[in-house]
Every structure is written in C-alpha cells, then in structure tokens.
Amino acid sequence: MADNNNIGPKRLVVGAHYGLRDWIAQRATAVVMAIYTVILLVCFFTSTHFSYEGWGALFSHQWFKIATFAAFMALFFHAWIGVRDIWMDYVKPVALRLVLQVATIVWLIGCAGYAAQILWRM
C-alpha cells in the first residue's frame with residue numbers, strides 16, 4: 001500500500017499559511033465595522049437636531065474620533081486582505097502582482113492618512 005501524505009493529520013502542508021489567520025482577521029474587522037455602524041445609527045436616531053452642527057458636535061468628542069478611526073482602520077485592513085487575495089488568485093505574473101500589491105498598500109495608507117487628517121481637523 002502506498003503512503004499517501006495528502007490526507008489526514010500527517011499531510012504535507014506547504015504555502016504561505018494565510019488561510020485561517022486571514023479568515024479570522026476579516027471576521028474580526030467585520031465585527032468592528034458592525035459595532036461602529038450600530039453606534040453611528042444609535043447616535044443618528046437619537047439626535048435631536050440633524051444638521052452640520054449636530055454632526056460636528058458628535059465628532060468633536062475624542063472617543064468618537066477614535067472609534068471612527070478604528071472603524072476606518074478595520075475597513076482598510078479588511079479591504080487589504082480581500083484585494084490581496086484577488087491579486088494572488090487572479091494575477092499570475094509575479095512582477096505585476098507585486099506592483100498591484102504595493103499600489104494597493106500605498107493607496108490604503110494614503111486613505112488612512114486622509115481619514116486621520118479629516119477626523120482631527122474638526
């Protein structure tokens with residue numbers, strides 16, 4: 001009988017091992033974004049005056065700025081995992097895939113910087 005290492009607990013596993021860790025990270029970032037969405041909806045529906053001044057007052061609290069920035073960071077990390085997986089699955093030339101991944105990282109870092117600038121400008 002031939003020794004088959006492709007099944008069972010003694011199988012030979014190779015690769016980058018992204019699977020479970022990234023799956024958990026995407027679920028965790030989704031939970032962070034969902035919690036923030038609930039907080040935002042509660043603030044929206046319990047607001048007595050819906051205006052620019054009302055939103056400005058809401059975002060003037062440091063805890064709300066931090067919560068918003070945390071939600072944005074979760075969004076950017078969530079997006080990075082998804083887009084990186086798309087590049088790895090569908091772009092076969094390694095050089096092109098690397099360029100696309102670096103461009104994605106630069107774009108997401110720029111978005112994070114812009115989000116921080118907007119939040120703390122208020």
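Heavy atoms only: backbone and side chains are in, while hydrogens, waters and symmetry mates are out.
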Distance check, rounded to the nearest 0.5 Å: [X] atom [atom1] versus [Y] atom [atom2]?
X: Leu40; Y: Thr68; atom1: CG; atom2: OG1; answer: 7.0 Å
X: Ile118; Y: Phe59; atom1: CD1; atom2: CZ; answer: 10.5 Å
X: Gln101; Y: Leu98; atom1: CD; atom2: CG; answer: 6.5 Å
X: Thr46; Y: Leu41; atom1: OG1; atom2: CG; answer: 10.0 Å
X: Trp107; Y: Phe76; atom1: CH2; atom2: CZ; answer: 9.5 Å
X: Phe69; Y: Leu119; atom1: CZ; atom2: CG; answer: 7.5 Å

If Ile, Leu, Val, Met, Phe, Trp and Tyr residues are connected whenever their side-chain heavy atoms lie under 4.5 Å apart, and connections chain through other members, are [X] and [Y] in the same group?
X: Met88; Y: Val91; answer: no
X: Ile66; Y: Ile39; answer: yes
X: Leu96; Y: Val83; answer: yes
X: Trp80; Y: Ile109; answer: yes
X: Phe45; Y: Val38; answer: no

_Are the side chains of Met73 and Phe77 in contact, using a 4.5 Å heavy-atom criterion?_
no

*asked:* Can you confirm whether Arg97 sits close enough to Tyr90 that some side-chain heavy atom of one is under 4.5 Å from a side-chain heavy atom of the other?
replied: no

*When the ring planes of Phe44 and Trp55 are compared, do they come out parallel, tilted or perpendicular, using 30° and 60° as the limits?*
parallel

Contact summary for [X] and [Y], nearest pair of heavy atoms:
X: Leu108; Y: Ala79; answer: CD2-CB, 4.4 Å
X: Ala74; Y: Val32; answer: CB-CG1, 3.7 Å
X: Ala67; Y: Tyr36; answer: O-CD1, 3.7 Å
X: Ala71; Y: Met33; answer: O-CG, 4.0 Å

*Residue of the set Ile105, Thr104, Asp89, Asp22 for which side-chain contact (heavy atoms from CB on, under 4.5 Å) holds with Arg84*: Asp22

